[in-house]
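These notes are about the structure you will find just below.
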Amino acid sequence: KQFREGLEKTRKGFAQKVSDLIIRRKKIDEEFYEELEEILIGADVGVNTVMTLVDELRAEVKKQRIEDAAELQPILSRKLMELLRSDDDNRLKENPDGITVILFVGVNGVGKTTTIGKLAHRYKQDGKKVLLAAGDTFRAGAIEQLEVWGQRAGVDVIKQSAGSDPAAVMFDAVQAAKQRSVDVLICDTAGRLQNKSNLMEELNKIFRVIQREIPGAPHEVLMVLDATTGQNALAQAKLFGEKSGVTGLVLTKLDGTAKGGIVVAIRQELNIPVKLVGLGEKMEDLQPFDSEQFVHALFA
Ligand code: GDP
């Protein structure tokens, strides 16, 4: 799915409401701003961000002496792009001299396995040799689920039995990647946030193994967040994100929410770029994030 199709719900639940407001009120007055704030907060843009955004709109309206509400739309689009940091580098980093290692972290159920499968598929389409590492040895069924995605995408999965040491799985995976001249090694990890300190230890151990075997790796640590959980996703990201060396965010299930404004809130509150977005359940439904495309798809 492309942005336009994937953002259908947010377009109806947010952008369409803004357009309706502009047509209905025509003039920019206090009530206009109040209603706009309500729409933005309703789309999960986050209260702080909404206040800043509306203040900036007010300033712009004053400066340019705008009266007609219709003239506000392009300004709003531009401000949203700014808030989404259109200057971010959203590309996934690659290792120019060998195996690129990408580590996935995130709480169970957010769409981590699905995203790994989709990303494997993307790299394969690009002609890369991909290998998956089943590093979630904790959750029942996680290894099998990754294998299902591996089959779908046509890539091998390195695994051990359930309950084994994830760092040992990573060691095996790195060796296999070297032997098989793999371009991209994508690693799953356990997502049990309730046991945070253990999880951090586990992650650190995984980091050490990977770093020792491939200098400069991992090249990306991607945290997966479920956009349909709104402010909850933001709370998770704050709790987990900045300390664990996360280099990029993946927002899944954007197709399943009318509150896509959460992307803006998350980007504002965390100093980590959004690199990928999930726009559906199928293998093709993963897109590199692009703030311009995102905002255009909303108001198109
Ligand atoms: P994990 O526990 O984090 O590995 O989560 P899964 O990958 O098993 O995904 C949980 C559920 O979310 C599954 O039913 C997926 O099909 C669904 N899912 C994942 N990504 C997306 C997405 O971008 N859009 C939609 N609509 N569903 C998704």
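Side chains are part of it too, since the values below use all heavy atoms of this structure and drop only hydrogens, waters and symmetry mates. A quick note: this is a predicted structure, and the numbers were derived from the prediction, not measured. Order of listing sets the numbers, starting from 1, for every ligand and every atom in it.
- The contact set between ligand 1 and R139, taken as ligand atoms under 4.0 Å from a residue heavy atom, comprises 2 (O), 4 (O).
- Shown in contact with G278 at under 4.0 Å from a heavy atom are these atoms of ligand 1, numbered in order with element: 23 (O).
- For atom 5 (O) of ligand 1, the closest non-hydrogen atom on the protein side is G111 N, 3.0 Å.
- Here I186 contributes atom CD1 and L132 contributes atom CG; the two are 5.5 Å apart, rounded to the nearest 0.5 Å.
- Here CG of L103 is found 10.5 Å from CD of E220. Values are rounded to the nearest 0.5 Å.
- A donor-acceptor contact under 3.5 angstrom links the side chains of S77 and Q73, judged on distance only.
- Residue contact check for ligand 1: G256 places no non-hydrogen atom closer than 4.0 Å to it.
- F289 CZ to R267 CZ: the interatomic distance, rounded to the nearest 0.5 Å, is 9.5 Å.
- For ligand 1, the atoms lying closer than 4.0 Å to a non-hydrogen atom of L279 are 23 (O).
- At a heavy-atom distance under 4.0 Å, no atom of K282 approaches ligand 1.
- Looking only at protein heavy atoms, the nearest one to atom 7 (O) of ligand 1 is T114 OG1, 2.5 Å.
- Relative to the ring axis of Y33, R58 places its NZ or CZ within 45° and under 6.0 Å from the centre.
- T228 contributes atom OG1, which lies 3.0 Å from atom CG of D226 (distance to the nearest 0.5 angstrom).
- Atom 8 (O) of ligand 1 has Q145 NE2, 2.6 Å as its closest protein atom, hydrogens excluded (heavy atom only).
- For a threshold of 3.5 Å applied to N or O pairs, the pair formed by V110 and ligand 1 contains at least one separation below that value.
- Within the structure, ligand 1 has G109 among the residues with a heavy atom less than 4.0 angstrom away.
- Note on ligand 1: D255 sits in its first shell, one or more heavy atoms being nearer than 4.0 Å.
- Listed by first and then second residue, the side chain to side chain donor-acceptor pair (under 3.5 Å) pairs involving residues 117-135 amount to none (not counting sequence neighbours).
- Near N108, meaning under 4.0 Å from one of its heavy atoms, ligand 1 places the atoms 2 (O).
- In this structure, atom 4 (O) of ligand 1 lies nearest to the protein heavy atom T113 OG1, 2.4 Å.
- Applying the 4.5 Å side-chain rule to ILVMFWY residues, one finds M283 in the same cluster as W149.
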- Item | Derivation of the salt bridge (Lys or Arg N to Asp or Glu O under 4.0 Å) call for D136 and R139 | CA-CA 6 Å; D136 184 353; R139 182 169 64 102; 3.8 Å; yes

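- Ranking protein heavy atoms by distance to atom 22 (C) of ligand 1, first place goes to G280 O, 3.1 Å.
- Minimum heavy-atom separation, V18 to L76: CG1-CD2, 3.7 Å.
- Distances below 4.0 Å separate heavy atoms of K112 from the following atoms of ligand 1: 1 (P), 3 (O), 4 (O), 5 (O), 7 (O).
- Atom 14 (O) of ligand 1 has as its closest protein heavy atom E281 OE2, 3.6 Å.
- Ranking the protein heavy atoms by distance from atom 28 (C) of ligand 1 puts K253 CG, 3.6 Å first.
- A salt bridge does not link K17 with D20: none of the charged nitrogens is closer than 4.0 Å to a carboxylate oxygen.
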